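Notes follow once the structure below has been shown.
Excluded from the calculations below are hydrogen atoms, water molecules and symmetry mates; all remaining heavy atoms, backbone and side chain alike, are included. Just so it is clear, the model here is predicted, and its values are computed rather than measured.
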Amino acid sequence: MRGLILRATASVVLAAVALVPLTVAAPAGDTMLVLRNAADAARPEVRLTEEDLLSMPQVTVRTRTEWTDGVVA
């Protein structure tokens with residue numbers, strides 16, 4: 001069950017990261033995405049700016065689920 005929740009959470013985060021730069025025009029240097037991690041007290045939150053997000057490597061994820069027909073990118 002925990003693995004399913006982690007995979008679902010990862011999918012939501014990846015979708016948010018993929019869509020935020022396309023839908024929101026934030027002023028330079030402003031935080032666009034905040035990721036919170038309750039399991040790491042030393043680094044409970046990470047704030048990402050548009051520049052941070054755009055500097056990340058871009059990848060295409062291809063997946064197959066029981067709810068889609070074939071492979072979806």
Do N37 and V46 have side-chain heavy atoms sitting under 4.5 Å apart?
no
Under the side-chain contact (heavy atoms from CB on, under 4.5 Å) rule, collect the residues that match up with T65, sequence neighbours excluded.
T63, W67, T68
Would M56 and L35 show up in the same hydrophobic cluster when neighbours are defined by side-chain heavy atoms closer than 4.5 Å?
yes
By salt bridge (Lys or Arg N to Asp or Glu O under 4.0 Å) - contacts of R43 (at least two apart)
none
If I take atom CD from residue E51 and atom CG from residue D30, how far apart are they, to the nearest 0.5 angstrom?
9.0 Å
CG of D40: more than 12 outside heavy atoms within 6.0 angstrom?
yes
Minimal non-hydrogen separation, P44 against A42, with atom names:
CD-C, 3.6 Å
Minimum heavy-atom separation for D52 to R47, with atom names?
OD2-O, 3.9 Å
Name all residues meeting the side-chain contact (heavy atoms from CB on, under 4.5 Å) criterion together with R64; count only those two or more places apart in sequence or in a different chain, and write none if there are none.
V71
